[in-house]
Protein chains: 2
Amino acid sequence: MEKIQELQEIFLKEGLRYTKQRETIWQEINSSTEHRDAEDIYFTLKTRGVATSRATVYRTIEVLVRNNLVRALNIGDGRYRYENKLDQTHHDHLVCTECGKIIEFLNENVEQQQEQVARDHGFTLVRHIHQLFGVCEECQKN
Amino acid sequence: MEKIQELQEIFLKEGLRYTKQRETIWQEINSSTEHRDAEDIYFTLKTRGVATSRATVYRTIEVLVRNNLVRALNIGDGRYRYENKLDQTHHDHLVCTECGKIIEFLNENVEQQQEQVARDHGFTLVRHIHQLFGVCEECQKN
DNA sequence: AACTTACTTGAGACTCAATCTCAATTAAGT
DNA sequence: ACTTAATTGAGATTGAGTCTCAAGTAAGTT
Ligand SMILES: [Mn+2]
Ligand SMILES: [Mn+2]
Ligand SMILES: [Zn+2]
Ligand SMILES: [Zn+2]
């Protein structure tokens, strides 16, 4: 994967060393399109025989998020989920309160209105959190 | 305050007793329009000489939130803020990442689009979180 | 008014995600 | 190979929030 070049450059730029652990954590997060928590990533690595400590998982994710290689998602249940940003454009989330399913959406209209709201209040917009909670089609049947 | 009637009815409806502690916590949250965390509410009560335990603060807030007398706000920094809902209509929040200032906004267009997004994915919308993070006018000067 | 009983309270133990500590290890420049 | 500062891992610590349980109390009963 040529993206590893970019990863190495990020660490270089930050004055950090390029280690096996850091690369492995990045690969694990990029191995799926799911929204996984740190504990899940930690245990999966352990199972796959390339264990790193919890501390290193958290520390590495911090760097990846800071450099926009990974996105952190807070759905209000007390733990962050992380998702890969390879080929991913910006989107927000629709969360099923019954089964936990997460669906991604993008609404240009909303994106524009957000800029407008910020402008109206003299704010320079940096980021936003927009999450819709409801019951998905399947869960409605139960 | 006649709103206390409503408070008493809520506890009655839930089969809970009406106690001094519960009333005091409700009053404290309704004494300002700020967005305060549980610890702040707990310590303010302690200072005002009408101390209740932390456990009671949390337990009471839970009931108030469940009954829409108080709104819980999660801005992603690890602790919930609570705001009174007296005379408050629905709104979302604009948060300054520098000074922590919280400004309220309502954008009907966005509210409608949210319903549309949910419909498009077959979801029954229950609630949403919409927070804009940026730098406020004052903080931009520094 | 005293009695009964189930609900509530408070102090502190506990949980759990996340962060910190520090000795041992290792990346990477010379 | 040598040097040295960054990194790692195990486990301790933090902090918001929850739980436990003995003591206290609201409110109905006699
Ligand atoms: Mn996503
Ligand atoms: Mn508000
Ligand atoms: Zn569902
Ligand atoms: Zn500000």
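Every chain is numbered from 1 and lettered A, B, ... according to where its sequence line falls, protein lines coming before strand lines.
- Between the P atom of D:dA6 and the CD atom of A:Glu14 lies a distance of 14 Å, rounded to the nearest Å.
- Here the P atom of nucleotide D:dG17 and the CZ atom of B:Phe43 are 14 Å apart, to the nearest Å.
- The span of DNA chain C lying next to chain B, judged by atoms under 4.0 Å from heavy atoms, is bounded 5' to 3' by C:dA6 to C:dA11.
- With A:Arg22 contributing its side chain and A:Arg17 its backbone, the two residues share a donor-acceptor pair below 3.5 Å.
- Across the protein-nucleic acid pair, A:Leu16 atom CG and D:dA5 atom P stand 16 Å apart, rounded to whole Å.
- Two residues, B:Glu39 and B:Arg17, neighbour DNA chain D, and the one matched to the more 5' nucleotide by heavy-atom proximity is B:Glu39.
- A side-chain donor-acceptor contact under 3.5 Å links A:Gln140 to the backbone of A:Val135.
- Looking at A:Thr44 and A:Arg36, their side chains do bring a donor and an acceptor atom within 3.5 Å of each other.
- With DNA chain D read from its 5' end, the first of the two nearest nucleotides for B:Tyr82 and A:Arg22 is the one closest to A:Arg22.
- The aromatic rings of B:Tyr80 and B:Tyr82 sit parallel to each other, their planes meeting at less than 30°, with 60° as the upper class boundary.
- The stretch residues 108-142 of chain A participates, sequence neighbours left out, in these ring pair (Phe, Tyr, Trp, His ring centres under 6.0 Å) pairs: A:His90-A:His128, A:Phe105-A:His130, A:His130-B:His130.
- To the nearest 0.5 angstrom, B:Ile41 atom CD1 is 10.0 Å from B:Thr52 atom OG1.
- Annotation for A:Gln88: atom CD counts as buried by contact number, over 12 foreign heavy atoms lying within 6.0 Å.
- Residue B:Thr19 places no side-chain N or O under 4.0 Å from the OP1 or OP2 atom of D:dT25.
- Counting to the nearest Å, the P atom of D:dT14 and the CZ atom of B:Arg79 are 17 Å from each other.
- Side-chain contact, A:Glu14 with A:Asn67: a donor N or O sits under 3.5 Å from an acceptor N or O.
- DNA chain D is contacted by B:Ala55, B:Tyr58, B:Arg59 of residues 47-63 of chain B, taking any non-hydrogen atom closer than 4.0 Å.
- With values rounded to the nearest 0.5 angstrom, A:His35 atom NE2 is found 10.0 Å from A:Arg81 atom CZ.
- Rounded to whole angstrom, the span from the CD atom of A:Gln21 across to the C1' atom of D:dA10 amounts to 14 Å.
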